Each structure stands twice: as structure tokens, then as C-alpha cells.
Peer 1: 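To start, I am sharing the structure in question, which I have written as C-alpha cells.
We're numbering straight along the sequence, starting at 1. The shown structure was predicted, so the numbers you read here are calculated from the model rather than taken from an experiment.
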Amino acid sequence: MKKSERYLALDVLRGMTIALMITVNTPGSWQYVYAPLRHSSWHGCTPTDLVFPFFLFVVGVSMFFSFAKYGNTLNKASFNRLGRRTLLIFAIGLFLNSFPQWMTDYSSLRIMGVLQRIALAYGFASLIVLSMKRKYIPYLGLAILLVYWGILAWFGGDDPYSLEGNITIPFDAAILGEQHLYTGFGIPFDPEGLLSTIPAVVTVLLGYLTGVFISNTEKAKLPARLALYGVVVTIIGRLWGFVFPVNKPLWTSSYVLYTAGLAALVFALLIFIIDVKGYKKWTSFFVVFGMNPLFIYALSGLWARTLGMLIKIETADGTVVRGSTWLYQNIFVPLAGNMNGSLLYALTHIFFFWLIGYILYKKRIFIKV
């Protein structure tokens with residue numbers, strides 16, 4: 001099989017992750033969210049906890065093919081590409097965190113975030129795969145996961161994997177400043193912090209190695225072999241979780257393997273359905289998201305912050321509410337009730353951003369972020 005062969009399943013999986021990221025990030029009300037669309041409270045893994053690592057896994061797979069034109073080696077052209085892309089994605093994430101800029105208290109601005117983690121994980125993984133012999137990458141990935149486990153186990157508190165006792169808090173606070181950390185857990189703790197981004201690099205590396213694997217495997221045999229690989233990695237991650245809990249906020253090493261294995265399984269299934277069996281008609285919806293993924297995700301974040309912070313509506317009783325709250329309470333709750341209305345609100349956003357993506361797709365406009 002030629003290394004240049006492209007799998008439609010990759011675009012579909014990328015598009016699925018973006019669609020799901022928007023869905024879980026934009027409910028009508030955070031009080032009314034179905035359990036599968038919530039993150040685990042701490043240890044554990046819900047379907048929602050799979051979305052972000054699946055996207056990083058896809059980033060890794062795509063890296064193998066995108067760097068092929070540079071010979072998958074570190075040179076001036078490839079370094080400039082990865083450097084520009086890393087800085088741009090990080091800057092967009094920081095822009096979204098500070099939006100609207102004229103209303104932001106920069107003394108407490110959160111520095112990290114989803115896009116910032118994508119940028120750093122992509123950047124460091126790119127440096128590794130372009131500068132290191134491919135046969136050593138799995139060993140480096142394993143070493144990173146083991147070292148990260150050791151850091152959390154040895155330098156944490158009495159309960160090193162707990163919210164209050166984990167070492168990522170003092171580490172991130174020392175570098176970023178406590179006032180610049182996420183506070184959604186009730187204390188300054190960033191689930192996309194610097195220290196926990198280190199194992200996220202391995203998620204990208206596993207995706208890259210999967211790209212290598214599929215490029216050297218006959219298409220007809222690929223789904224079964226990739227599924228076997230996924231099963232093995234998932235089981236290893238799950239077993240490791242008994243001593244180093246599967247935990248998304250800490251991005252634990254067991255979580256890296258567990259989610260990468262599941263991503264490989266889903267990818268294998270999609271390859272079998274789409275690229276081997278040829279059932280492609282249903283894929284166009286997700287391909288639209290997959291062609292401009294980061295642009296659509298960033299735009300959805302910008303829109304959510306605009307609705308929530310800039311648009312204010314006065315209700316009949318004189319109360320001023322956010323635009324997002326008004327839409328949910330006055331349109332979606334009457335249509336479907338609290339719980340289903342919250343879900344319908346999110347699904348409506350999916351359709352709205354799909355329309356934008358569809359227009360770009362039909363005009364062959366692909367915004368490279």
C-alpha cells in the first residue's frame with residue numbers, strides 16, 4: 001500500500017470529535033445535562049472524557065501524513081511549520097480565554113485551556129517524531145508515562161491522586177501563578193495545566209505511531225489488526241488504572257493508554273465501515289466538521305462567550321439575563337422541557353456550526369490553523 005493513501009475514516013473521526021466537543025461544551029443549562037455528556041467528577045471515564053484524547057489521537061495520526069512532504073524529518077521547513085502552528089493555536093486559545101478583552105481582568109486570566117494543550121502537545125510531539133528515530137518513540141512514550149506516574153506518586157500529598165493532594169497544583173502555580181489557574185473545581189487547579197500536558201504528548205505520539213502502522217498495513221487486514229492493537233492498549237490502560245487511576249483532569253498515564261486504545265478501536269471500526277466496505281454516504285456530515293476542525297471549534301467558543309457575556313436581554317419582570325439563558329428558557333425549555341431542552345440547545349448549535357462548515361466546504365475554503 002502506498003503511504004500517500006488517505007483514509008476517509010480519519011476525516012470522519014476528526015469531525016466526530018469536534019461535533020462532540022461542541023455538544024458537551026454548549027448545553028442549554030449546566031444543571032440539566034445527561035450523565036454521558038458530563039465529565040467524571042474525578043476518577044473514572046465517561047463518554048465525554050473520551051472526546052479530547054480522541055482529538056489528540058487524531059492529531060497524531062494526521063501528523064504522520066502531513067509531515068510526509070518534509071520526509072518526516074526535522075528541517076527548516078518542518079520546524080517553521082510546527083513552530084507557527086503551535087504558536088498560532090496557543091494564541092487563539094489565549095484570545096478566547098480573554099474575550100471580550102475589554103472586560104477581562106488580566107490579573108486573573110486563565111493561561112491554559114483546551115487549545116493551549118492541543119498546541120503544546122502537538123508542538124512537543126512534532127519535535128519528537130521529526131528528530132528521533134522512529135523505533136525509539138514507543139520507548140520514549142513509555143518512559144514519559146512512567147516518569148509522570150513517579151512524579152505524581154512521590155511528590156504529591158498523602159493522597160497523591162486527589163484533587164487537593166496532587167502535585168500539578170503547586171507545579172502549575174509556581175510557573176503560571178495561582179491566580180492564572182482554572183477554578184472550576186472549587187480550588188485553583190487546571191485540568192489543562194502544564195504538568196499534565198506532558199502525558200498528553202504521549203496521546204499524540206500514540207496517534208502518530210498508529211499513522212505509521214496503518215501506512216504499512218494492507219487495507220483489507222488493517223481493521224482487524226488495528227482493533228487488536230486497540231484492545232491490547234485499552235486493557236493495559238485499564239489494568240494500570242487499578243494502581244494509577246484513570247483520571248482525565250490529571251491526564252494520568254493509565255488514562256492515556258485507555259483512551260488511546262479505545263480511539264484505535266473506533267478508528268478501526270470506521271475504517272472497516274467506510275474505507276473497506278465503502279459505506280460512505282452517511283459520512284458527509286462529519287467530514288464537514290473534519291475539514292475545518294479547529295476553526296469551527298474556536299468559532300463555537302467565541303460564539304458561546306458572546307452569548308454568555310456580551311448579549312444581555314431584559315425579561316418581562318425586569319430581570320436582565322444572558323443571551324444564552326434567554327434562548328434556553330424561552331425557546332428550548334417550552335419546546336422540550338429542562339433536560340431535553342438543554343440537549344436540544346446543544347444540538348441546535350451543532351447544526352448551526354455545521355452550516356457554517358458546509359458553506360466553507362462547498363466553497364473549498366479550508367482554514368489551516
Peer 1: Are Trp240 and Tyr148, when compared by the centres of their aromatic rings, separated by less than 6.0 Å?
Peer 2: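 So the answer is no for these two rings.
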Peer 1: Are Asn292 and Phe366 packed together at the side-chain level, in the sense that at least one heavy-atom pair is separated by less than 4.5 angstrom?
Peer 2: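 A side-chain contact exists here, since the closest heavy-atom pair is under 4.5 Å.
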Peer 1: Where the side chain of Thr104 meets the backbone of Ser98, is there a donor-acceptor pair that is under 3.5 Å apart?
Peer 2: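 Such a contact is found between Thr104 side chain and Ser98 backbone.
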Peer 1: So, does Thr217 use its side chain to make a donor-acceptor pair with the main chain of Leu222 at under 3.5 Å?
Peer 2: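 No, Thr217 side chain to Leu222 backbone: no donor-acceptor pair under 3.5 Å.
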Peer 1: Between the side chains of Tyr182 and Asn97, is a donor N or O closer than 3.5 angstrom to an acceptor N or O?
Peer 2: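 No - no donor-acceptor pair under 3.5 Å links their side chains.
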Peer 1: Tyr345 and ring pair (Phe, Tyr, Trp, His ring centres under 6.0 Å): which partner among Tyr32, Phe332, Phe352?
Peer 2: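 Going through the options one by one, the only one that passes is Phe332.
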Peer 1: Please check if any side-chain donor atom of Thr26 sits under 3.5 Å from a side-chain acceptor atom of Trp303, or the reverse.
Peer 2: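 No, no side-chain donor-acceptor contact under 3.5 Å.
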Peer 1: Provide the closest heavy-atom pair for Ser29 versus Tyr328 in the form atom of the first, atom of the second, distance.
Peer 2: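 The pair with the smallest heavy-atom distance is CB-CE2, 3.5 Å.
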Peer 1: Give the minimum heavy-atom separation between Ile137 and Tyr208, together with the two atoms involved.
Peer 2: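 For Ile137 versus Tyr208, the nearest heavy atoms are CD1-CE2, 4.1 Å.
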Peer 1: Can you label the angle between the Phe95 ring and the Phe99 ring as parallel, tilted or perpendicular, going by 30° and 60°?
Peer 2: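 Aromatic pair Phe95/Phe99 classed tilted.
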Peer 1: Atom OH in Tyr161, atom CD1 in Ile167: separation rounded to 0.5 Å?
Peer 2: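 Tyr161 atom OH to Ile167 atom CD1 measures 12.5 Å (nearest 0.5 Å).
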Peer 1: Hydrophobic clusters here meaning ILVMFWY residues chained together by side-chain heavy-atom distances under 4.5 Å, can you tell me if Leu87 and Tyr122 are in one?
Peer 2: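 Leu87 does not cluster with Tyr122.
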Peer 1: Keeping the roles fixed (side chain from Trp354, backbone from Val288), state whether a donor-acceptor pair exists under 3.5 Å.
Peer 2: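 Pair absent, no side-chain N/O of Trp354 close to backbone of Val288.
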Peer 1: Is the backbone N or O of Leu181 less than 3.5 Å from a side-chain atom of Asp190, with the two atoms forming a donor-acceptor pair by type?
Peer 2: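 Judged by distance alone, no pair lies under 3.5 Å.
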Peer 1: Side chains of Tyr297 and Asn25, heavy atoms from C-beta outward: is any pair under 4.5 Å?
Peer 2: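 Yes, their side chains come closer than 4.5 Å.
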Peer 1: Tell me if a side-chain donor or acceptor on Tyr255 pairs with a main-chain N or O of Asp49 at a distance below 3.5 Å.
Peer 2: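 Pair found, side chain donor or acceptor close to backbone of Asp49.
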Peer 1: Answer whether the closest heavy-atom distance between the side chains of Arg322 and Lys312 falls below 4.5 Å.
Peer 2: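 Yes, close enough: below the 4.5 Å cut-off.
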Peer 1: With no hydrogens and no angle check, just 3.5 Å: does a side-chain donor-acceptor pair link Ser196 and Arg117?
Peer 2: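 The criterion, which ignores hydrogens and geometry beyond distance, is satisfied for Arg117 and Ser196.
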Peer 1: Counting distance only, does the side-chain N/O of Thr210 pair as donor-acceptor with the main-chain N or O of Val61 below 3.5 Å?
Peer 2: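 No, the answer is negative, given that no donor and acceptor are paired below the 3.5 Å cut-off.
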Peer 1: Does any N or O in the side chain of Thr17 come within less than 3.5 Å of the main-chain N or O of Phe54, such that one atom is a donor and the other an acceptor?
Peer 2: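 No.
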